[in-house]
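Since the structure comes first, as structure tokens, the remarks are kept for the end.
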Amino acid sequence: MVNNFGNDTAYIGTKWLLRLLASRGLEVIHLLKVMNRGTRATHFLAMLPENLYACDCCMGMNLGIPCRHYFQVLTRMPTLSFHIGLVRARWYQDQSLDVTIIPVISLDNVARGTSLRSQPQNSLVNVSNPLDSSAPHLRPGSQPTRTLNAREVYHEAQEALKPLLNGVITQEDLDDLKEELSELR
């Protein structure tokens with residue numbers, strides 16, 4: 001099933017979400033119930049330390065964009081702050097942006113004076129997806145990845161394969177090359 005997040009009744013079970021958070025050592029500070037008054041659709045938002053969250057709609061974890069339930073809670077809780085790190089880097093115009101130096105802001109657009117650098121260094125929690133503690137861009141010393149467009153992938157792959165393709169003349173040569181390439185996987 002593909003969820004385009006237009007259906008507000010799709011969610012994972014709250015017990016399952018809490019079990020996932022606990023299995024990764026994440027402490028739930030508040031468990032908030034968010035209900036749509038028109039449709040009566042109900043979601044649960046687990047508030048974690050450092051203004052992180054996990055919603056049972058999974059939009060933030062899957063797409064890397066905070067969900068409408070988070071923003072609903074943000075408008076109601078004056079102590080809650082927003083950080084651009086809640087949006088996954090793939091959505092930035094400049095994906096090399098260092099979000100750790102950008103201050104956290106409150107709903108009234110006031111910087112709170114804290115940033116992600118104030119978080120403990122041993123906390124390897126992905127801001128946009130707190131369940132993904134094994135993300136490669138969170139490991140010390142690794143560079144963040146960037147999404148490549150199809151044209152760039154194609155041209156780079158063609159350049160890498162060019163020396164191999166120069167020796168292909170017959171169908172047997174092509175079959176041998178394809179077999180060798182499939183063995184590399």
Side-chain angles (χ1 to χ4, degrees), residues 1-8 10-14 16-32 34 43-77 79-107 109 111-153 156:
M1 178 179 103
V2 176
N3 186 358
N4 65 3
F5 300 99
N7 178 4
D8 201 30
Y11 61 91
I12 63 172
T14 307
W16 178 251
L17 177 66
L18 294 174
R19 193 176 306 141
L20 283 172
L21 293 169
S23 71
R24 285 162 175 78
L26 297 170
E27 175 190 3
V28 176
I29 297 173
H30 299 287
L31 185 62
L32 304 169
V34 180
H43 288 273
F44 287 91
L45 197 74
M47 298 306 300
L48 308 170
E50 306 293 338
N51 286 318
L52 298 178
Y53 80 99
C55 183
D56 65 358
C57 78
C58 297
M59 184 176 178
M61 294 177 277
N62 290 329
L63 295 179
I65 302 171
C67 65
R68 66 188 110 185
H69 314 109
Y70 171 79
F71 286 112
Q72 186 67 31
V73 169
L74 180 67
T75 62
R76 302 278 196 270
M77 286 184 66
T79 59
L80 188 62
S81 299
F82 176 79
H83 190 275
I84 193 66
L86 291 174
V87 178
R88 203 169 289 153
R90 69 174 291 188
W91 299 109
Y92 302 158
Q93 279 186 323
D94 179 10
Q95 293 182 357
S96 64
L97 177 69
D98 183 12
V99 297
T100 60
I101 61 173
I102 298 173
V104 175
I105 62 167
S106 63
L107 186 61
N109 218 11
R112 295 279 169 109
T114 61
S115 67
L116 289 182
R117 291 236 168 125
S118 65
Q119 291 184 358
Q121 291 293 2
N122 59 1
S123 173
L124 295 180
V125 175
N126 185 346
V127 176
S128 66
N129 182 0
L131 293 178
D132 185 14
S133 60
S134 64
H137 64 279
L138 295 173
R139 293 187 203 118
S142 68
Q143 293 295 321
T145 59
R146 69 178 179 90
T147 304
L148 301 174
N149 63 41
R151 180 176 288 155
E152 188 174 353
V153 170
E156 291 292 325

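Since the structure is predicted, the reported quantities are computational estimates derived from the model, not experimental observations.
When side chains are defined from C-beta on, Pro66 counts as touching Phe71, because their heavy atoms get closer than 4.5 Å. For the pair Trp91 and Ile65, the minimum side-chain heavy-atom distance is below 4.5 Å. Residues Leu48 and Ile29 fail the side-chain proximity criterion, which asks for heavy atoms closer than 4.5 Å.
The OH atom of Tyr53 sits 12.0 Å away from atom CG of Leu21, with the distance rounded to the nearest 0.5 Å. In this structure, CE on Met47 lies 6.0 Å from CE on Met77, to the nearest 0.5 angstrom. Interatomic distance, CG of Leu17 versus CG of Asp56, reported as 6.5 Å (0.5 Å rounding). The distance from the CG atom of Leu45 to the CG atom of Leu32 is 6.0 Å, given to the nearest 0.5 Å. To the nearest 0.5 angstrom, Arg68 atom CZ is 7.0 Å from Met59 atom CE.
In terms of the side chain to side chain contact (heavy atoms under 4.5 Å, CB included) criterion, residue partners of Asn51 (sequence neighbours excluded) are, by chain and number, Leu80, Ser81, Val104. Listed by chain and number, the residues in a side chain to side chain contact (heavy atoms under 4.5 Å, CB included) with Tyr92 are Ile84, Val87, Ala89, Leu97, Val99 (sequence neighbours excluded).
Put simply, the side chain of Arg88 gets close to the backbone of Met61: a donor and an acceptor are under 3.5 Å apart. A donor-acceptor pair is defined here as one N or O able to donate and one able to accept, closer than 3.5 Å; such a pair exists between the side chain of His83 and the backbone of Ile102.
Scanning all heavy atoms of the two residues, the minimum distance from His43 to His69 falls at CD2-NE2, 3.1 Å.
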Open item on the list: Assess the residue pair Leu31 and Thr14 against the criterion (side chain to side chain contact (heavy atoms under 4.5 Å, CB included)); give the C-alpha distance rounded to whole Å, side-chain angles, the decisive distance to 0.1 Å, and a yes or no.
Closed with: CA-CA 10 Å; Leu31 185 62; Thr14 307; 4.2 Å; yes
